[in-house]
Amino acid sequence: MVHPDNAGDGHAAERERMVVRQIEARGISDALVLAALRAVPREAFVPAGERAFAYEDHPLPIGAGQTISQPYIVALTTAGLGLRGGERVLEIGTGCGYAAAVLGQIAAEVHSVERIDALAEQARDNLARLGIANVHVHCADGSLGWPAAAPYDAIAVTAAGPEIPAALKAQLAPGGRIVMPVGDRHGHQVLLCWSLGADGREQVESLCDVRFVPLLGAQGFGA
Ligand code: SAH
């Protein structure tokens, strides 16, 4: 959770405008998701040179050829997980840590896995500066999940793969959901919400057409 003293940053009006125009206006009404987006100072997760654009309606570069996702996509992914509060959540693709911080506002505990060491370090710094203590960043191949803390009530993947990795399905608790972009490496991808029905059959819902950076790794697009 962001300590309220740490979010008093002078960007509150911009953040409110972002939530109203980019998130609520597009139909996201989950109160926990909206409150989380209102609480996390997005400018604290973008490089200094991009801070003026922190609340714009698109992804931004964060270094190492990676991006911070568009706010709406973070909201859509989080809403898709159907969190009610208090869950244990896994995120794959920490980047700068913004989505992990949003998830950490709702969940009890978040484990987030990033393959690029410098980004994992940067994310840890960003989270620590805001006093967020329930988000744990690990540097590893997240296409294999993070078995050490499994099972998870929900899993968000913020890089696109050819399919949902079997390793992630195996680390999901009964009744849980996985939200992940699936499709071509650089082209057309769909944000999917995956779960197992009571009858044990896989259920897949398409949330939105998206464009994410590729999930590289053993159960992604390869190294
Ligand atoms: N969640 C971020 C989005 C980061 S972009 C946000 O809040 O904006 C996706 C990230 O996934 C990149 O940082 C990239 O390095 C990472 N990534 C790609 N393949 C990965 C893998 N196999 N394991 C962990 N991270 C991976």
Side-chain angles (χ1 to χ4, degrees), residues 2 18 22-23 33 36-37 39-47 50-51 53-78 80-81 89-107 110-127 130 132 135-149 154-168 171 178-183 185-186 189 191 210-223:
V2 177
M18 172 193 87
Q22 301 177 34
I23 314 297
V33 175
L37 286 161
V40 178
R42 190 171 156 86
E43 71 281 0
F45 293 89
V46 304
E50 302 287 342
R51 245 161 237 159
F53 314 112
Y55 291 94
E56 295 198 357
D57 195 12
H58 50 73
L60 292 169
I62 55 169
Q66 307 302 323
T67 53
I68 177 172
S69 301
Q70 180 189 14
Y72 171 66
I73 297 299
V74 175
L76 191 64
T77 300
T78 308
L81 295 175
V89 175
L90 175 66
E91 183 203 26
I92 307 303
T94 317
C96 56
Y98 175 69
V102 169
L103 291 167
Q105 286 295 117
I106 304 172
V110 177
H111 289 270
S112 185
V113 185
E114 169 57 52
R115 63 181 279 277
I116 300 176
D117 197 39
L119 288 177
E121 271 305 310
Q122 196 182 305
R124 282 190 199 107
D125 286 353
N126 292 340
L127 295 161
L130 293 170
I132 296 175
V135 177
H136 310 284
V137 177
H138 312 285
C139 188
D141 174 7
S143 74
L144 301 173
W146 186 253
I155 301 177
V157 186
T158 64
E163 61 189 357
I164 297 177
L168 299 186
Q171 290 169 38
I178 300 174
V179 174
M180 173 172 172
V182 172
R185 185 171 175 143
H186 294 294
Q189 304 151 3
L191 192 63
V210 287
R211 201 181 171 92
F212 275 82
V213 299
L215 179 75
L216 302 176
Q219 292 191 23
F221 283 111

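In what follows, every heavy atom counts, from backbone to side chain, and hydrogens, waters and symmetry copies are set aside. Each ligand, and each atom within it, is numbered from 1 in the order the structure gives.
- Between the side chain of Gln219 and the backbone N or O of Ala167, at least one donor-acceptor pair lies under 3.5 Å.
- Against a heavy-atom cut-off of under 4.0 Å, Val213 is close to the following atoms of ligand 1: 5 (S), 9 (C).
- A distance of 5.0 Å separates CG of Leu130 from CZ of Phe45, quoted to the nearest 0.5 Å.
- Using a distance-only test at 3.5 Å, with no hydrogens or angles considered, no donor-acceptor pair links the side chain of Thr78 to the main chain of Leu103.
- Every N/O-N/O distance between Ile92 and ligand 1 stays at or above 3.5 Å.
- With Asn126 contributing its side chain and Cys96 its backbone, the two residues share a donor-acceptor pair below 3.5 Å.
- Closest to atom 22 (N) of ligand 1, if we only count protein heavy atoms, is Leu216 O, 2.4 Å.
- Close approach of ligand 1 to Pro214 (heavy-atom distance below 4.0 Å) involves ligand atoms 18 (C), 19 (N).
- Contacts of Ile116 with ligand 1, taken as heavy-atom pairs under 4.0 Å, involve the side chain alone.
- In terms of heavy atoms, Phe212 sits closest to Ile73 at CZ-CG2, 3.3 Å.
- The closest protein non-hydrogen atom to atom 20 (C) of ligand 1 is Arg115 CD, 3.3 Å.
- Minimum interatomic distance between Arg51 and Glu43 (heavy atoms only, all atoms of both residues): NE-O, 3.1 Å.
- In terms of modelled atom types and a separation under 3.5 Å, the side chain of Tyr55 and the main chain of Arg42 share a donor-acceptor contact.
- Atoms of ligand 1 found under 4.0 Å from any heavy atom of Val113 (numbered from 1 in listed order, with element): 24 (C), 25 (N).
- The two atoms that bring Ala218 and Asp141 nearest to each other are N-OD2, 2.8 Å, heavy atoms only.
- Considering backbone and side-chain N/O atoms, Gly142 comes within less than 3.5 Å of an N/O atom of ligand 1.
- Of all atoms in ligand 1, listed by their number and element, those nearer than 4.0 Å to a heavy atom of Ser143 are 22 (N).
- Taking all heavy atoms of Gly93, Pro71, Ser69 into account, the minimum distance to atom 11 (O) of ligand 1 is reached by Gly93.
- Residue Ile62 places no N or O, backbone or side chain, under 3.5 Å from any N or O of ligand 1.
- The Ala99 neighbourhood of ligand 1 comprises atoms 1 (N), 7 (O), with distances under 4.0 Å to a heavy atom of that residue.
- Proximity of Val74 to ligand 1, defined as any heavy-atom pair under 4.0 Å, is not found for any part of the residue.
- Arg211 places no side-chain N or O within donor-acceptor distance of the main-chain N or O of Gln189, the cut-off being under 3.5 Å.
- Under a 4.0 Å criterion applied to the non-hydrogen atoms of Ile68, ligand 1 contributes the atoms 8 (O).
- With hydrogens and angles disregarded, a donor-acceptor distance shorter than 3.5 Å links the side chain of Gln171 to the backbone of Leu144.
- Ligand 1 lies within reach of Ala140, whose nearest heavy atom is under 4.0 Å from it.
- In terms of modelled atom types and a separation under 3.5 Å, the side chain of Ser69 and the main chain of Val74 share no donor-acceptor contact.
- Contact annotation for Leu119 and ligand 1: only side-chain heavy atoms (C-beta onward) come within less than 4.0 Å of the ligand.
- The closest donor-acceptor contact from the side chain of Thr67 to the backbone of Ile62 lies at 3.5 Å or more, if one exists at all.
- For ligand 1, the atoms sitting less than 4.0 Å from at least one non-hydrogen atom of Thr158 are 1 (N), 2 (C), 3 (C), 5 (S), 9 (C), numbered in the order shown with element in parentheses.
- Taking NE2 from His136 and OG from Ser112, the interatomic distance works out to 11.0 Å, rounded to the nearest 0.5 Å.
- In this structure, atom 5 (S) of ligand 1 lies nearest to the protein heavy atom Thr67 O, 3.2 Å.
- Atom numbering of ligand 1 starts at 1 in the shown order; those under 4.0 Å from a heavy atom of Tyr98 are 7 (O).
- Of the candidates Glu91, Glu114, Gln122, the one placing a heavy atom closest to atom 13 (O) of ligand 1 is Glu114.
- Of the protein's non-hydrogen atoms, the one nearest atom 14 (C) of ligand 1 is Gln66 OE1, 3.4 Å.
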